[in-house]
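All residue numbers refer to positions in the sequence shown, counting from 1. Only heavy atoms go into these numbers, but all of them, side chains included; no hydrogens, no water, no symmetry mates.
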Amino acid sequence: MPNPVITPPALEPGTLRITPLGGLGEVGRNMTVYEIDGKLLVVDCGVLFPEEHQPGVDLILPDISQIEDRLGDIVAVVLTHGHEDHIGGVPYLLKRRENIPLIGSKLTLAFVEAKLKEHRIRPETRVVAEGDRLTTGPFDLEFIAVNHSIPDALAVAIRTDAGLVIGTGDFKMDQLPLDGRITDLRAFARLGEEGVDLFMTDSTNAEVPGFTPLEKDIGPVLERVIEKATGKVVVASFSSHVHRVQQVLDAAQKNGRRVVLLGRSMVRNMKIASDLGYLEVPEGVLVDLKKSGDIPDHRIVYMSTGSQGEPMAVLSRMANQEHQVEIGEGDTVILASSLIPGNENSVYRVINGLMKLGANVVHKGNAKVHVSGHASAGELMYCYNIVRPKNVMPIHGEYRHLIANAGVAIETGVPQNRTIIGENGTVVDLADGVARKVGQLEIDFIYVDGKSVGRVTDDDLRDRRTLAEEGFISVITVVETSLGQIVSGPEVHAKGVAEDDRVFDTITPQIADALEKAMREGVTDQHALQQVTRRTVGRWVGTKLRRKSMIVPVVVVV
C-alpha cells in the first residue's frame, strides 16, 4: 500500500527540497525534482514500460502534475545517460514547455535530439562532459564520469546553499570497460572530502553480492556462440546498448559474417553512435536489410530489438512468424540483455516461441551473454566508504532494491536515521546537513496510449482486462414504457465467451420478466431499466458460467 498523502510544509529559504516523481519502487520512469529559492532542477525524465496487466498502454510517464503549474520555474533538465528509462519522457515534458534547457553528454543529447525531432521539437541543449562545472539558477552542477551499459553516462554533483548532493544516475564500477572510461572514484573521493550532505545511489543491483562482472568477458562468449552457429544468428538487445552492438560487430567480423541492424530505434541510435565515434563499425561488416537477401544464412547476423518480449518489437514478431526474417531449424538467437522486472513472462513466451520454431536460444540463464550495467553490493559499499555521506537516499529500483541498498549504507556506518527509504512522491528536505522526510505526494501512472497521454485511467485498464479475460456480453431490448411491454428482444450477443450463444436462451425470458416487472412498478427511466438488465444478466452469468464478463445493456424506449 502507498504511504498516505501528507502535504509538505512551505519550503524554508535556503532549504533544498528533493522530490522523486518516478523511479522509486519501480525500474523505470526515473525523474527527480530539486527545489531551492523558488527554482526547480529536474534530473532525468524517463519512461516505464507497461506490464501485462496494462493492456494497450505504450509507455508510462512520470507524474508531473505536482509541478505542472511551475514549469516556468524549471531552470534545466539534467540527463544522466541515454537509456529510455531516463530520457524517454523528455518529449512529453517539452510539449508543455519547449524551451526548458537540456543538459547532458554528447551521446545522450544526440539520442534525445533524434527522439525530439520525431515530435517536431527543437530543444535548447548544452553539452557537458566529465569534469565540467556550470551554474544554472541557484544550482552549481559538476559532472562526473560513471561507467554504465551505455557510453557517456554521468553522475551529477549538485551544490546549493543547503549543501552538496550527488546523484549517481545508473552506474557500475567496471575496471576494464570497453571504452576505457571508468567510474571516477577520485572525483567521488574529492567530493567526499568536501562533505557530501546527501548521496543518492543506483539501487538496481543492490541485492546482488560482490561485484558486477566485466563487460569485456562477454565478447569471447559471443564469438564462440556465433562460431558454432550453423544457420543465421539473431542477437537481441536494447536499442541503445552501444557496447553490446560493438561486441556483436567484432564477433561477426571474426567469424566472417555480415551484420544487419533491425528495428527503427536500433538503426537510428547506432547511426548516431557511429557518426559521433562511439561505435567503430568494421569495414564491410554492416549491410542494409534490403541488400541482405543474397547473403547465405551461415554468413549473417541480425542485431535486433525486442529482448524484453515487447509485442511489437522485432524478436516477438519473429517468434510469431510475423517478420520477414524467418527463424527455423539450425538458427541461433541470443538474448544479450537482462530481464527488466515484470517482463519475465513476456520474455519466456518469446523464448518458447523461438524454440518451437527450432531455434537454439542462448540467454543469460544458460550462457554468459550479458552482464548488468548496475553496481552490485560490493561496489556500492566501496562508494559509501569513499564518499562518507552524511545522509543516503537509495534511488532507481524496486522497493526490495532500495531496502538492500540502504542496508549496505548502514553497514558502512551511515546512521539508520540518516538513511531515507522513499517512494515516488516522498518529499525530502535537506538543511543544516540533515535530510528529513517532510511529506508524501500522490503520484499516479500517466499512460501513453497511441496519441493519448494521461486519458487512460485505471478503470479503462480494468475494463480492458475484463474484456480480455472474461469476455463481453451485450443485451439489446426495445420497450414501450407507457404499456409496460417489450416490443423487441431481449437479444443477447457475446464476444470472447467460450459458450455458444444458445446458452443464453435460458436467460432471455428472465430478462424480459425483470423488465416488465420493473415497468409495472413504475420504472420508466432508460438508465434504470438498463441497470435491471445488467443485474439480471450479471447474476446469471456469475452463477451459471462462473464468469465476470463485461455486460453492456442497451434499452431503447419507444
Side-chain angles (χ1 to χ4, degrees), residues 1-2 4-5 48 50-61 63 65 68 311-312 345 442-558:
M1 288 293 291
V5 173
L48 180 67
E51 298 182 22
E52 289 183 336
H53 66 274
Q54 295 157 328
V57 172
D58 299 316
L59 299 169
I60 303 171
L61 303 176
D63 183 0
S65 61
E68 198 155 18
M312 297 308 294
N345 290 341
E442 183 177 358
I443 300 294
D444 292 325
F445 287 111
I446 307 301
Y447 299 112
V448 178
D449 185 352
K451 291 188 176 181
S452 170
V453 179
R455 293 176 187 163
V456 178
T457 66
D458 287 334
D459 288 341
D460 294 327
L461 294 181
R462 193 178 305 114
D463 287 346
R464 291 178 183 183
R465 289 194 295 271
T466 300
L467 285 168
E469 297 164 7
E470 303 289 346
F472 168 90
I473 299 170
S474 66
V475 184
I476 304 170
T477 315
V478 181
V479 301
E480 188 168 340
T481 53
S482 60
L483 300 175
Q485 293 179 347
I486 291 176
V487 177
S488 174
E491 291 182 16
V492 180
H493 302 276
K495 294 289 184 183
V497 178
E499 291 78 10
D500 190 277
D501 277 1
R502 284 174 295 186
V503 75
F504 298 105
D505 291 347
T506 58
I507 186 61
T508 50
Q510 296 178 37
I511 301 170
D513 290 346
L515 286 171
E516 288 173 347
K517 180 184 177 185
M519 288 187 286
R520 285 197 303 270
E521 293 173 354
V523 177
T524 58
D525 177 69
Q526 182 187 38
H527 177 72
L529 291 172
Q530 288 177 167
Q531 290 300 94
V532 169
T533 304
R534 187 194 305 276
R535 285 194 297 271
T536 305
V537 177
R539 282 195 299 267
W540 184 86
V541 169
T543 303
K544 297 294 185 183
L545 303 185
R546 294 287 191 267
R547 289 183 178 277
K548 295 180 180 178
S549 303
M550 178 179 288
I551 299 165
V552 179
V554 178
V555 174
V556 180
V557 178
V558 297

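- Glu491 pairs by the side chain to side chain donor-acceptor pair (under 3.5 Å) definition with His493, not counting sequence neighbours.
- Summarising the geometry, atom CZ belonging to Arg520 is positioned 11.0 Å from atom CG belonging to Leu515; distances are rounded to the nearest 0.5 Å.
- The minimum heavy-atom distance between Met519 and Glu480, with the atom names listed, is SD-O, 4.3 Å.
- Every residue two or more places apart in sequence or in another chain that forms a side chain to side chain contact (heavy atoms under 4.5 Å, CB included) with Ser65 is listed here: Asp63, Glu68.
- Other residues, nucleotides and ligands place no more than 12 heavy atoms under 6.0 Å from the CD atom of Glu442.
- The two atoms that bring Pro553 and Gln530 nearest to each other are CG-O, 3.2 Å, heavy atoms only.
- When all heavy atoms are compared, the tightest approach of Ala514 to Thr536 is CB-OG1, 3.6 Å.
- Here the side chains of Lys517 and Val532 are not in contact, with every heavy-atom distance at 4.5 Å or above.
- Residues satisfying the side chain to side chain contact (heavy atoms under 4.5 Å, CB included) criterion with Val478, sequence neighbours excluded, are Val487, Ser488, Val556, Val558.
- Separating the CG atom in Leu61 from the CG atom in Asp444 is a distance of 12.5 Å, to the nearest 0.5 Å.
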